[in-house]
Amino acid sequence: MKVDDTGLLAREPDETSYLTAGTTLRSWLLSTDHKRIAILYAASITVFFFIGGAAATMIRLELFTPAGDLTTADEYNRLFTLHGVIMVWFFLIPSIPGTLGNFLLPLMVGAKDVAFPRLNLMSWYLYVTAGLFTLAALLLGGVDTGWTFYTPLSTLYSNSYVLLAAFGIFVVGFSSIATGINFIATIHLLRTKGMTWMRLPLFAWAMYATSLVMVLATPVLAMALLLICGERLLGLPIFDPRVGGDPVLFQHIFWFYSHPAVYIMILPAMGVVSEIIACEARRRVFGYQFMVYAMLVIAVIGFLVWGHHMFVAGQSPFASMIFSFLSFVIAVPSAIKVFNWTGTLYRGRIRFSAPMLYALGFVGLFTLGGLTGLFLASIPVDVHLSDTYFVVAHFHYIMVGGAVSAFFGGLHFWWPKITGRLYNENFARSAALWLFFGFNFTFFPQFILGYLGMPRRYHEYPPEFQVWNVMSSTGAVVLAVGYLMPLFYLGYSLLHGERAGDNPRDATGLEWTTSSPPPQHNFHEPPVVRSEPYAYHDWDEAPGDADETPQTDPA
Amino acid sequence: MSSTPILVEPFEEPERQREAMVFGLWLFLATEILFFGGFFFLYAVARMQDPVGFAKGAARANLLLGTVNTVLLMTSSATLTVAERAAQAGWMRGARGAILATLALGTAFLAVKGFEYREDLSEHLFPTSPAFPFSGLVGATRFWSFYWFVTIVHAIHLTIGLGCVARLLRLDLPRRWMVAEVTTLYWHFVDIIWLLLWPLLYLVGP
Amino acid sequence: MAGTSEQRTIVLGAIGIWAALFLLGASSLAYALIPGLPLKLPAALVVVVLQAALVLGGFMRLGKASALVRTTALIGIVWLSFLFMMSFADLWTR
Amino acid sequence: MLPEASTLAPSVDRIFWGLVGLSVLIMAIVGGLVFAFAIKYRRGTDAYRGPLPEWMSREVEIGWTVSTLFVALFVFWWAAAAQLPHFLLPKDALEIHVVAKQWMWKVQHPEGVREIDALHVPVGVPVKLEMTSQDVIHSFGVPAFRIKQDVLPGRYTTTWFEAKEVGDYHLFCTEYCGTDHARMTGTITVMQPEAYARWLSAQPHGEDLAGEGGQLYTALGCSACHGANARVPAPSLAGLYGSQVVLTDGSRVTADEDYLRESIERPEAKVVAGYSSTMPAYQGVASEEQVVALVAYIKSLDDRRSAAR
């Protein structure tokens, strides 16, 4: 213990903190410590986020004017394919599970590590290998099929590096599966004494639901992509319409994965937001059990709604009706979650910290994203809107406004735990507000564009759409600047930030009972859980006193 | 009795570790079911579209070699089961012998498959071959696409399985028989897939 | 060291299951090769299901596994049925 | 604002704006509550903060679950009910054939007039589009009509509209189809029926579609076997369209456009009971447009026979 220059009592990083337990490159690259793997993931997804973001910026710059003057059609097609592929598989899907999930899940359930630490390391290597394949495809000249790889464009007509990219995604799928298996096994078998299912933090539940989807959806994508590889590499005509192949079948197996994949992105975000809101509002999560069941229901029904991507694809009206119906049904658990987050604020003692701003932003943006989902679940409206900018805006509200906001919120929330240092709260709050503003500025006009009929994936467009495109592109510049801001103040915090205490947020979870940053083996003694996850009880303590019961204490 | 099993981080008791390994492997097998399931789905649709063409194509598949392979794989599953149970019971001579037998049978499967491929190719039974006997025939062409695709994917699975089984020989089996147990599970799964492929590729009648 | 009786149980058990698998396979082959019999594909698939059950129960000891493991084994099949059901809901009504 | 230029458009817009209203309402509720709570319960206020009674969270929870379920099912019913009539294709519609290719729309009127990246239609007449693609998936989307339908290779897809207002409207390819996807656009020109008739007669007329098919029928050698005097055993095509055909394996199919097309391109796929598969495959021999014409001719055989009766 020593008094640092701020005059506060702060602990030097533990001798055996996971950060100091070895400083060689080898000790990082061959570490099986879930916390180090989380850091490896964090570094690599950041790289991919900025690659994908650069592509997005180029796309929006091109769309400032109706003519295709900044890029050629081919370059534009390669840019949006790159943006989609990178953002979906190399950023969004591994983002929260790979970083926060890996770091926090074992801590939250009171385990020393995930169930299969070496598999966990392998998952990162698979991710990196896959990333290299995909980047190779990019450097050699790109891929122009869109992230959906629809046949027969991808198999017979595209003259680009489809094989490399498809193989890259095939490999990254295994990384996802490995993470999923690890998390499910960890939650089932490594919960510490007293950590019953109904005492699991919602983030752990979110990881459980996400992992289910990862494990059960990804292999079908793997098969779809492998068939594309087989068709391109060996010429086996599997989807070839000339021998009776049905392009709609590819869409079925593609969306069997790719719709649940949306839930791989949003369920972890829901978990993060639940943690942040409960802690920052100093309030027990409203309807904890409903929150749990809602996530599980989303994970299961999420598998039965993929056909709403195919209302105009030549699917039978009967199937469209069923898929439409189930898509409306899945809106219910999502709505339950939104209401419960709102309800959690009731009678709280709310701190407007940066993570809380991200979380509240998430609630608004996710709600709008979800509501616009109802438009796309209604067949007649979807026929008009599908493949227009309305769809683009809708899924960006879910994936950027939802998943990315939550990722940033979670990153800030657990930053003191992960790095052992505090960041500048004012900078962080400004960045959160800036991003919220920039996001809406970018994507709200796209709803209007979509209703007016502007198709997506157009690098040229009729001039009457220009007003809204200029708005959206201007917003994108604001957003791009916003995403650079955390790099600076978080980078500064990493090197010069004030030391954080063990539990700077006065939170209840097991992860906060360890030192910051946590020791290599997480807990010196296996912790024993004696109470529910969100025992914040503001009313029986005078302000200023501890108003939370850690999970290790009896309620 | 067998000696104390080796514990791997983060486990503290052997029973828990074994449960986790078996559970983890079954989770993986669930993904494999869905992986091959995607294939079987496409196969089912294609076959329903043109059952006659499928049968025409399948008539040229080498039933003898396919059946020999089925028996080889079935037998290898039995020998690997012996190996696993012997390891668990501490009967190391038996375990080693059975593992070697499994390796021999698995390799024989791949060798037979190789012969079969050579024969298929010499008969131009590859959809892109210029002399493909069924060119223009929808069902038969798709049958042969599926045949090549799935047998190659299965052979890759089997090769990985051979690697895993071979690794058992280098392990301290009396203390790590759990590894043998999960390896066996994977091997049996690859066997079941073949048991399903055999009628779908070789016994296709009109 | 394990006694010989235990060794014999191990080997004989495996041989027993192997023999059952072999006989099932042979019956499948015979049924497929005899011309004129109806429902060849369903018959072959029934045999495969029986064989798979033998491998799962006898070799993989699914029957003795924990409820968790048995559920996991089932879940793959259930999710696969989602793919088949929903896709065929489209294909059969086009 | 986007014109409502088809009979379908108002019903789509009704649901669209209804959903906008619902969204505004829910956003107002959620946003309003978040703001109100954020202000009232911010740190430092002396608002009451006691525990919630157990029953409260349960009742509230069940309440909003049931009410959102009700709203969701209501919207489903509303949208589905509006869609059902559009699933039924109108009888006696003007039938236009569309062949899509990278990156062009080829359109053919029943009278044989062809257009590229343009479609002229009369106002107030239901128009049915029979579409297929020569290469990849495209999509025929007309925002002003609120219609959109993917155009698939190897299959026919159909959609229809009835234009309500004279004018020029955008036609977009709305399924990404490769390099010049953004240039695969066209114009739908809606005209008064008289103007349409004048326009039609001013166009260079080919043979009408069925007539063109009739010439191909001889030129490609179809008549040599399927003709009335052919000596090779081949099924007669008169009255085939729309009938039930029994195949060699005993199953029955309806002889629709897809069947006719498949049987021209890949005759061995579905062989009529009692015949052997001796017909050569026309895939790659007959172009997509020629197949369209042949199918039109075979369909017309049906018409002529029933007219003769």
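All figures in this text were calculated on a predicted structure; none of them were measured in a lab. Each chain gets a letter, A, B and so on, in the order the sequences are listed, and its residues count up from 1.
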Practice problem: Determine the option with the most heavy-atom pairs under 4.5 angstrom with chain A, choosing from C:Thr72, C:Leu68, C:Ile75. | Solution: C:Leu68
Quiz item: Is chain C contacted by the side chain of A:Ile322, its backbone, both, or neither, given a heavy-atom distance below 4.5 Å?
Solution: side chain
Quiz item: By a 4.5 Å heavy-atom criterion (distance strictly below it), what part of C:Leu80 contacts chain A: side chain, backbone, both, or neither?
Solution: neither
Exercise. Pick one of side chain, backbone, both or neither for A:Leu326, based on which atoms fall under 4.5 Å of a heavy atom in chain C.
Key: side chain
Quiz prompt | Salt-bridge criterion met for A:Asp246 and C:Arg94 (N-O under 4.0 Å) | solution = yes
Self-check item: Under 3.5 Å side-chain donor-acceptor pair for A:His34 and A:Asn120
Solution: no
Quiz prompt | Short side-chain to backbone donor-acceptor contact, A:Ser324 and A:Ser320, under 3.5 Å | solution = no
Quiz prompt | Side-chain donor/acceptor of A:Glu231 to backbone N/O of A:Phe239, under 3.5 Å | solution = yes
Quiz item: Quick one: of A:Val220, A:Val300, A:Val215, who has the most non-hydrogen atom pairs under 4.5 Å with chain C?
Solution: A:Val300
Quiz item: Can we call the ring centroids of A:Trp197 and A:Tyr208 under 6.0 Å apart?
Solution: yes
